[in-house]
Amino acid sequence: MKNHRIEWIDIARGIAILFVIIGHSLGNYFSSYFSNLIYVFHMPIFFVLSGYLYKEKKKSKFLKNSFFNLIMPYIGTVLIAFVLFTIYKFHNNPIVAPSRVNTYEQLSVSALYGIGASAKLPLINYSIIPIGAIWFLLAFFIGTQLFNIIMTLKFNSNDLLMKGIIISCFTFLGTYLQTYIYLPWSINAAFFSQIFFFAGYLLKKKSILRAKSKIAILVATMIWLMTATIGLFGLDNLQFPNMYLAIVGGCASSYLVIKLSMLLDDFWKLKSLKKVLCFFGAESLCIFCFHLIDLDFIQIWPRVLNHVLQLSNSYFLAIVAGIVYRIFFAAIATLIVKYIPIVRSFYIHRKYNFIKNKI
């Protein structure tokens, strides 16, 4: 049976994944207000959308499905990273070269620990090199399991309120733990993200998206713009100037992007744009993984920047060209992977199982 996709959800995911790539490709513009605007929403919205789509699930079945949908792509991406690192070791070249790790040990520890920012383990004083952008897959895996466990709890009275309190406790716990230890598999971020799952759940539960309120849109816009003025919101390392504004800003900006996505879904004149955004949204997981490969193991982006800079003498145009390159790289890799046996099973497991069921 074919799953019916909600197109505005794909559009929202498409916008988000494109801004993930843009946010990672800003070069000297990274410490800018524009960058802050992107980082307020581009990761939280994935959790918000998941919360919106949430339905109570049997824990064992959900764990199995999540493993194949999130952990298998993580493993596949790590294996590709090892292959590229081996190519670099045996044939030192300027194109295939790691930007984070220098040894197999560093890559192995980085992959096993699975965090998005550098950290030092207390007591043993061991430095962990971040795995990069795919920390999100692990945080999302842990986060969805935890959220499902919380939402399957039953309370005789004030059920939603009690769940909200538990979720808030986990959100604060994630932030508190971050000051002492960076837990493996991005557990800190998974704890913190509970508030975004819950926000998405409330959007549907309370039919908030159906309301056509110009005041709500205006207030959400003001919150997003204000949140971006205080600094960068790093969900991977939970570094932000104000935790409360980061939460409110993440929810408000996600709400606005979702409302924009719903508008684009209804606007038939933008059919081509809608089709492109739906592609990026539907394939956002694959695109995310191959963007990591490009980001950390392929050194074409710096060459694109240098080439355009020499031709135009404009750093802005060079960054735009670099962004276009990175978007095309991830999209083309996503289109190609379905034709590569074994590799495609890591990313499109539902269609290309490792083990075919025999009838």
Evaluate the criterion side chain to side chain contact (heavy atoms under 4.5 Å, CB included) for residue pair Phe90 and Phe85; output intermediate values, then yes/no.
-> CA-CA 9 Å; Phe90 281 91; Phe85 188 75; over 6 Å; no
For residues 333-342, the salt bridge (charged side-chain N to carboxylate O under 4.0 Å, His left out) pairs (sequence neighbours left out) are none
Linked hydrophobic residues, Met222 as query - side chain contacts closer than 4.5 Å = Leu218
CG of Asn36 to OG1 of Thr229: how many Å apart, nearest 0.5 Å?
-> 8.5 Å
State which residues pass side-chain hydrogen bond (donor to acceptor under 3.5 Å, both in side chains) with Arg100; sequence neighbours excluded, sorted by chain then number.
-> Asp296
Is there side-chain contact between Ile298 and Phe290, with heavy atoms separated by less than 4.5 Å?
-> no
Looking only at heavy atoms, what is the nearest atom pair of Ala117 and Asn237, with distance?
-> CB-CB, 3.6 Å
Give a yes or no on whether the backbone of Gln106 and the side-chain of Thr103 come within a donor-acceptor separation of less than 3.5 Å.
-> yes
Using atom types as modelled, flag every donor-acceptor pair under 3.5 Å from a side chain in residues 44-56 to any protein atom, sequence neighbours excluded.
| residue | atom | partner | partner atom | Å |
| --- | --- | --- | --- | --- |
| Tyr54 | OH | Asn148 | OD1 | 2.7 |
| Glu56 | OE1 | Lys154 | NZ | 3.1 |

Value for OH (Tyr315) from OH (Tyr29), rounded to nearest 0.5 Å, stands at 7.0 Å
Between atom CD1 of Ile115 and atom CG of Leu138, what is the distance when rounded to the nearest 0.5 Å?
-> 10.5 Å
Flag side-chain contact, heavy atom, 4.5 Å: Leu232 against Phe240 = no
Rounded to the nearest 0.5 Å, what separation is found between the NZ atom of Lys89 and the CZ atom of Phe82?
-> 12.0 Å
Verify, without hydrogens or angle tests, whether Ser186 (side chain) and Gly114 (backbone) share a donor-acceptor contact under 3.5 angstrom.
-> yes
Between Val101 and Ile129, which heavy-atom pair has the shortest distance, and what is it?
-> CG1-CG2, 4.0 Å
If you count the non-hydrogen atoms of other residues, nucleotides and ligands that lie under 6.0 Å from OH in Tyr126, is the total more than 12?
-> yes
With the side chain counted from C-beta on, respond yes when Ile258 and Leu203 share a heavy-atom pair under 4.5 Å apart, and no when they do not.
-> yes
Ile80 CD1 to Ile293 CD1 distance, which is reported to the nearest 0.5 Å | 5.0 Å
Side chain to side chain contact (heavy atoms under 4.5 Å, CB included) between Phe34 and Leu26: does it pass, once the steps are laid out?
-> CA-CA 10 Å; Phe34 178 64; Leu26 292 175; 4.1 Å; yes
Taking the six-membered ring for Trp, is the centroid-to-centroid distance between Tyr39 and His42 below 6.0 Å?
-> yes
Sequence neighbours left out, what pairs pass side-chain hydrogen bond (donor to acceptor under 3.5 Å, both in side chains) with at least one residue falling in residues 188-217?
-> Gln178-Asn188
Does Lys59 reach the main-chain N or O of Ile149 with its side chain, forming a donor-acceptor pair under 3.5 Å?
-> no
Any Ile134 side-chain heavy atom under 4.5 Å of Val78 side chain = yes
Decide whether Leu295 and Ile300 are clustered together by the hydrophobic rule: side chain heavy atoms of Ile, Leu, Val, Met, Phe, Trp, Tyr closer than 4.5 Å, transitively.
-> no
Nearest heavy-atom pair of Tyr74 and Ala111: which atoms, and what distance?
-> OH-O, 2.6 Å
Does the ring centre of Phe233 sit less than 6.0 Å away from the ring centre of Phe41?
-> no
Sequence neighbours excluded, which residues qualify as side chain to side chain contact (heavy atoms under 4.5 Å, CB included) partners of Val248?
-> Ile223
If a pair satisfies ring pair (Phe, Tyr, Trp, His ring centres under 6.0 Å) and one of its residues is in residues 245-264, list it, with sequence neighbours excluded.
-> none
Got a donor-acceptor contact below 3.5 angstrom from the Asn306 side chain to the Pro302 backbone?
-> yes
Side-chain donor-acceptor contacts of residues 161-174 below 3.5 Å, not counting sequence neighbours, with atom names and distances?
| residue | atom | partner | partner atom | Å |
| --- | --- | --- | --- | --- |
| Lys163 | NZ | Met151 | O | 3.0 |
| Lys163 | NZ | Leu153 | O | 3.2 |
| Lys163 | NZ | Asp159 | OD2 | 2.9 |
| Ser168 | OG | Gly164 | O | 2.8 |
| Thr171 | OG1 | Ile167 | O | 3.1 |
| Thr171 | OG1 | Phe192 | O | 3.4 |
| Thr171 | OG1 | Ile195 | N | 3.4 |

Is a side-chain N or O of Tyr347 found less than 3.5 angstrom from the main chain of Thr77, in a donor-acceptor match?
-> yes
For Val257 and Trp224, what are the C-alpha separation, side-chain angles and deciding distance, and is it a side chain to side chain contact (heavy atoms under 4.5 Å, CB included)?
-> CA-CA 11 Å; Val257 173; Trp224 187 1; 4.1 Å; yes
Could you list the donor-acceptor pairs under 3.5 angstrom formed by side chains in residues 9-25, with sequence neighbours left out?
| residue | atom | partner | partner atom | Å |
| --- | --- | --- | --- | --- |
| Asp10 | OD1 | Arg5 | NE | 3.4 |
| Asp10 | OD1 | Arg5 | NH2 | 2.8 |
| Asp10 | OD2 | Arg5 | NE | 2.8 |
| His24 | ND1 | Val20 | O | 3.4 |
| His24 | ND1 | His291 | NE2 | 2.8 |
| Ser25 | OG | Ile21 | O | 2.7 |
| Ser25 | OG | Arg326 | NH1 | 3.2 |

Examine Phe288 together with Phe136 and report whether their ring centres are nearer than 6.0 Å.
-> yes
When rounded to the nearest 0.5 angstrom, what distance separates CD1 in Ile142 from CG in Leu137?
-> 12.0 Å
Transitive ILVMFWY side-chain link Phe155 to Leu202, under 4.5 Å = yes
Which atom pairs, donor and acceptor, lie under 3.5 Å between side-chain atoms of residues 273-286 and protein residues at least two apart or in another chain?
| residue | atom | partner | partner atom | Å |
| --- | --- | --- | --- | --- |
| Lys274 | NZ | Glu7 | OE1 | 2.8 |
| Lys274 | NZ | Asp265 | O | 3.3 |
| Lys274 | NZ | Asp265 | OD1 | 2.9 |
| Ser284 | OG | Gly281 | O | 3.0 |

Starting from the C-alpha separation in whole Å, work towards a yes-or-no answer on side chain to side chain contact (heavy atoms under 4.5 Å, CB included) for Arg303 and Ile95.
-> CA-CA 9 Å; Arg303 283 162 178 76; Ile95 301 298; 3.9 Å; yes
Check residues 62-73 and write down every donor-acceptor pair under 3.5 Å in which the side-chain atom is one partner and the other belongs to a residue at least two apart or another chain.
| residue | atom | partner | partner atom | Å |
| --- | --- | --- | --- | --- |
| Asn65 | ND2 | Lys61 | O | 3.4 |
| Ser66 | OG | Phe62 | O | 2.9 |
| Ser66 | OG | Gln145 | NE2 | 2.9 |
| Asn69 | ND2 | Asn65 | O | 3.1 |

Do any N or O atoms from the side chain of Ser35 and from the backbone of Phe30 form a donor-acceptor pair under 3.5 angstrom?
-> yes
Heavy atoms of Thr334 and Ala330 approach each other most closely as OG1-O, 2.7 Å
Side-chain heavy atoms under 4.5 angstrom apart, residues restricted to Ile, Leu, Val, Met, Phe, Trp, Tyr: same cluster for Phe196 and Tyr244?
-> yes
Say whether Phe141 and Leu292 are linked into one hydrophobic cluster, either directly or through other cluster members, by side-chain heavy-atom distances under 4.5 angstrom.
-> yes
Verify the cluster assignment for Leu112 and Ile131: are they in a single hydrophobic cluster under the rule of side-chain heavy atoms below 4.5 Å apart?
-> no
Does any pair with a residue in residues 236-255 pass salt bridge (charged side-chain N to carboxylate O under 4.0 Å, His left out), and if so which ones, sequence neighbours excluded?
-> none
